[in-house]
Amino acid sequence: VQLQASGGGLVQAGGSLTLSCAASGLTFSTYTIHWFRQPPGKEREFVAGITWSRRTNFADSVKGRFTISRDNAKNTVYLLLNSLKPEDTAVYYCAAKGGGVILTTTRQDYWGQGTLVTVSS
């Protein structure tokens with residue numbers, strides 16, 4: 001199983017980025033896909049999740065700014081980051097958990113390698 005996160009970069013505050021998580025080696029449509037992030041010097045934290053039926057959940061800190069979607073035909077989940085703030089700076093990871101429940105914990109089945117998002121003020 002591989003989860004490939006991409007799309008990170010340097011952006012000014014107020015800007016936008018789209019992250020992608022491409023999965024292979026698993027039955028993608030049966031997995032809930034999550035995004036977590038780890039700011040410098042801090043613990044990894046839940047950002048967003050989407051089930052196979054496209055039910056979603058977001059951390060309070062990103063509600064109204066981030067959007068998550070999935071394309072089961074492409075085995076890919078997207079995270080659209082809008083109205084970015086310097087405190088959104090982190091390495092963003094995608095993770096997969098079998099089943100239809102969005103977990104806000106790090107107890108996932110599979111993890112990707114992370115993509116760095118840096119928001120300048």
Side-chain angles (χ1 to χ4, degrees):
V1 175
Q2 284 193 330
L3 298 175
Q4 183 74 35
S6 61
L10 174 62
V11 63
Q12 288 188 330
S16 299
L17 279 175
T18 299
L19 307 183
S20 299
C21 176
S24 60
L26 50 72
T27 305
F28 184 74
S29 60
T30 66
Y31 279 77
T32 293
I33 306 298
H34 304 77
W35 285 96
F36 288 79
R37 67 185 181 186
Q38 189 162 12
K42 297 184 179 181
E43 293 187 350
R44 198 168 296 190
E45 61 185 18
F46 170 77
V47 175
I50 185 167
T51 67
W52 61 269
S53 62
R54 296 181 173 80
R55 182 167 50 86
T56 62
N57 190 22
F58 296 89
D60 288 343
S61 59
V62 307
K63 277 182 182 175
R65 300 189 298 121
F66 291 7
T67 303
I68 190 170
S69 62
R70 67 188 291 160
D71 185 336
N72 286 339
K74 295 182 178 180
N75 284 11
T76 301
V77 167
Y78 304 96
L79 185 68
L80 174 59
L81 291 64
N82 287 323
S83 303
L84 282 162
K85 305 174 181 180
E87 51 264 43
D88 294 317
T89 294
V91 177
Y92 284 71
Y93 298 88
C94 59
K97 180 69 176 175
V101 177
I102 297 173
L103 294 179
T104 61
T105 73
T106 56
R107 296 172 67 178
Q108 306 288 320
D109 294 332
Y110 305 105
W111 288 90
Q113 86 290 359
T115 185
L116 176 63
V117 173
T118 303
V119 184
S120 63
S121 56

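Note that these values count all heavy atoms, side chains included, but never hydrogens, waters or copies made by symmetry.
Of all heavy-atom pairs between Gly100 and Thr51, the closest is O-CG2, 3.5 Å. Taking every heavy atom of both residues into account, Gly25 and Val1 meet most closely at O-CG2, 3.4 Å. A pairwise comparison of heavy atoms in Phe58 and Ala48 identifies CD2-CB, 3.6 Å as the closest pair. In terms of heavy atoms, Ala96 sits closest to Tyr31 at CB-CD2, 3.8 Å. When all heavy atoms of Ser20 and Thr76 are compared, the closest pair comes out as CB-CG2, 4.3 Å. When every heavy atom of Ser120 is checked against every heavy atom of Leu10, the shortest pair comes out as CB-CD1, 4.3 Å.
Under the 3.5 Å distance criterion, the side-chain polar atoms of Arg70 are matched with a main-chain donor or acceptor of Ile50. With Thr89 contributing its side chain and Val119 its backbone, the two residues share a donor-acceptor pair below 3.5 Å. Distance alone, capped at 3.5 Å, is enough to place a donor-acceptor pair between the His34 side chain and the Leu103 backbone. Put simply, the side chain of Thr32 gets close to the backbone of Gly99: a donor and an acceptor are under 3.5 Å apart. Counting only distance, with no hydrogens or angles, the side chain of Gln113 and the backbone of Ala5 share a donor-acceptor pair below 3.5 Å.
Here the CG-OG1 distance, from Leu79 to Thr67, works out to 8.0 Å after rounding to the nearest 0.5 Å. Taking CG of Asn75 as the start and CG of Leu26 as the end, the distance is 7.0 Å to the nearest 0.5 Å. The SG atom of Cys21 sits 7.0 Å away from atom CZ of Phe28, with the distance rounded to the nearest 0.5 Å. Atoms OG and OH, on Ser69 and Tyr78 in that order, are 7.0 Å from each other to the nearest 0.5 Å. Separation of atoms OG1 (Thr118) and CG (Leu84) is listed at 10.5 Å; rounding is to 0.5 Å. To the nearest 0.5 Å, the span separating CD1 on Ile33 from CG on Leu3 amounts to 6.0 Å.
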Intermediate values then yes/no, side chain to side chain contact (heavy atoms under 4.5 Å, CB included), Val117 and Leu19: CA-CA 9 Å; Val117 173; Leu19 307 183; 4.0 Å; yes
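Legend: salt bridge (charged side-chain N to carboxylate O under 4.0 Å, His left out) pairs involving residues 75-98, not counting sequence neighbours, sorted by first then second residue: Arg37-Asp88, Arg65-Asp88, Lys97-Asp109.
Leu80 and Phe66 fall into different hydrophobic clusters, where Ile, Leu, Val, Met, Phe, Trp and Tyr side chains are chained together by heavy-atom contacts under 4.5 Å. Put simply, Trp35 and Val62 are part of the same group of oily side chains (I, L, V, M, F, W, Y) that touch within less than 4.5 Å, one to the next. When the side chains of ILVMFWY residues are joined at heavy-atom separations under 4.5 Å, either directly or via intervening members, Leu17 and Tyr93 end up in two distinct hydrophobic clusters. When hydrophobic clusters are built by joining Ile, Leu, Val, Met, Phe, Trp and Tyr residues whose side-chain heavy atoms come closer than 4.5 Å, directly or via intermediates, Tyr110 is grouped together with Val47.
Between Phe36 and Trp111, the angle of the ring planes lies from 30° to 60°, which puts this pair in the tilted group.
By the 6.0 Å contact criterion, CZ on Arg107 is open, its count of non-hydrogen atoms from other residues, nucleotides or ligands being 12 or less. Surrounding CD of Gln2 are at most 12 heavy atoms belonging to other residues, nucleotides or ligands under 6.0 Å away.
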